[in-house]
Every structure is written in C-alpha cells, then in structure tokens.
Amino acid sequence: VQLVESGGGSVQAGGSLRLSCTASGYTTNRACMGWFRQAPGKEREGVTAIGPYGTTRNADSVKGRFTISLDNAENTLYLQMNSLKPDDTAMYYCAAALARFCTLIPDLSSTVYSYWGQGTQVTVSA
C-alpha cells in the first residue's frame, strides 16, 4: 500500500489549498481514510476523516473551513482547506485504515489507521 500526498505549499492567511492523496494497492471504495497534521513540537492530531458510506467527521478547529472528499474512480482522497490560519501550519498526512478497523462513524484517532503517506507541508503566513 502506498499513499502519496501532494498539494501542500505556502499561502497567506485567508487563502485556500487543496491537498490530494493518491492510493495504490488500496481500494478507497467503502474505505475509512483521514487527514492528520503535525506541527513542530506538537503531537499529531486528527483533522478530518471519512467513513465507508461517506460520513465525515471534522476536528472542531477546522469545522466550516476544511472539507474531506473521496474520488473512488481516481482512488484519491482530497482535503479542501479554506480560510486558512497561521495555526493550520503543519505537515499534513493522509491515512488509511484496514477494513476490520473501519467504522461507520469516522475515527480521528491515529491508532485506527495502518497506512500513512509521507506528508506534505502546509505553511500559512499572517
């Protein structure tokens, strides 16, 4: 299984970015996948996740600003990030769960996910 993220970069506060995560060796249809981030000196935190039937779950810090979506035809997970803030600066990781750990309500705990991408950096300047 390989997850490859792209789309990170530098943006000013209030701007937008869209991250992509293309999966190989893993079927995104009916899958549980998520986006996590880790800022320097901080623990990795769950940002948003999507369940097998499209249910999504967002961290309070990104509600109303970030949207997760899945294109099964492309086997690609997306993260649309709007109204970015300097606090959103972090390395962003895509993650995918094994089927046996996939639940109807998406989980933002990193322990649920077995596969991880290499990360893509997002930097938001004030």
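The basis for the numbers below is simple: all heavy atoms, side chains too, and nothing from hydrogens, waters or symmetry mates.
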Using side chain to side chain contact (heavy atoms under 4.5 Å, CB included), reason through R65 and D88 one step at a time and then give a plain yes or no.
CA-CA 11 Å; R65 302 189 298 122; D88 295 319; 2.7 Å; yes
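- The CZ atom of R30 sits 10.5 Å away from the CG atom of L70 when rounded to the nearest 0.5 Å.
- Applying the disulfide bond (SG atoms under 2.5 Å apart) test to every pair with at least one member in residues 4-51, sequence neighbours left out, gives these pairs: C21-C94, C32-C102.
- The side-chain tip of R44 points at the ring of Y93 from less than 6.0 angstrom away and within 45° of straight on.
- Atom CG of N72 and atom CG of L77 lie 10.0 Å apart (nearest 0.5 Å).
- Under the 4.5 Å side-chain heavy-atom criterion for grouping Ile, Leu, Val, Met, Phe, Trp and Tyr, Y92 is not connected to L108 through any hydrophobic cluster.
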Check your understanding: Can F66 and V47 be said to form a side chain to side chain contact (heavy atoms under 4.5 Å, CB included), step by step?
Key -> CA-CA 9 Å; F66 289 12; V47 176; 3.6 Å; yes
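- Summarising the geometry of L104 relative to P106, their closest heavy-atom pair is O-CD, 3.5 Å, with the distance given to 0.1 Å.
- With hydrogens and angles disregarded, a donor-acceptor distance shorter than 3.5 Å links the side chain of T76 to the backbone of E74.
- Each of F101, F36, W35, Y26 was evaluated against Y113; a single residue qualifies, F36, per the ring pair (Phe, Tyr, Trp, His ring centres under 6.0 Å) test.
- Here the shortest heavy-atom pairing between G8 and V122 reads CA-CG2, 4.2 Å.
- The shortest non-hydrogen separation linking K42 to Q38 is O-NE2, 3.1 Å.
- Taking CZ of R57 as the start and NZ of K63 as the end, the distance is 8.5 Å to the nearest 0.5 Å.
- A continuous path of ILVMFWY side-chain contacts below 4.5 Å connects L98 to W116, so both sit in one hydrophobic cluster.
- Smallest separation of non-hydrogen atoms from L17 and L84: N-CD1, 3.9 Å.
- Side chain of D107 to backbone of V112: no donor-acceptor contact under 3.5 angstrom is found.
- With rounding to the nearest 0.5 angstrom, the CG atom of N29 is 11.0 Å from the CG atom of D71.
- Taken from CD in Q121 to CG in L19, the straight-line distance is 10.5 Å, to the nearest 0.5 Å.
- Note: Q2 CD to Q118 CD = 8.0 Å, rounded to the nearest 0.5 Å.
- Grouping the Ile, Leu, Val, Met, Phe, Trp and Tyr side chains by contacts below 4.5 angstrom, directly or via other members, places L3 with M91.
- Residue pairs that meet the salt bridge (charged side-chain N to carboxylate O under 4.0 Å, His left out) test with at least one member in residues 8-25, sequence neighbours left out, do not exist here.
- The hydrophobic cluster containing I50 also contains V1, counting ILVMFWY residues as joined when their side-chain heavy atoms lie under 4.5 angstrom apart, directly or transitively.
- The shortest side-chain heavy-atom distance between M33 and T48 does not fall under the 4.5 Å cut-off.
- S16 and S83 make their closest contact through OG-N, 4.3 Å (heavy atoms, listed as atom of the first residue, atom of the second, distance).
- Across all non-hydrogen atoms, the minimal contact from E5 to G119 is OE1-N, 2.9 Å.
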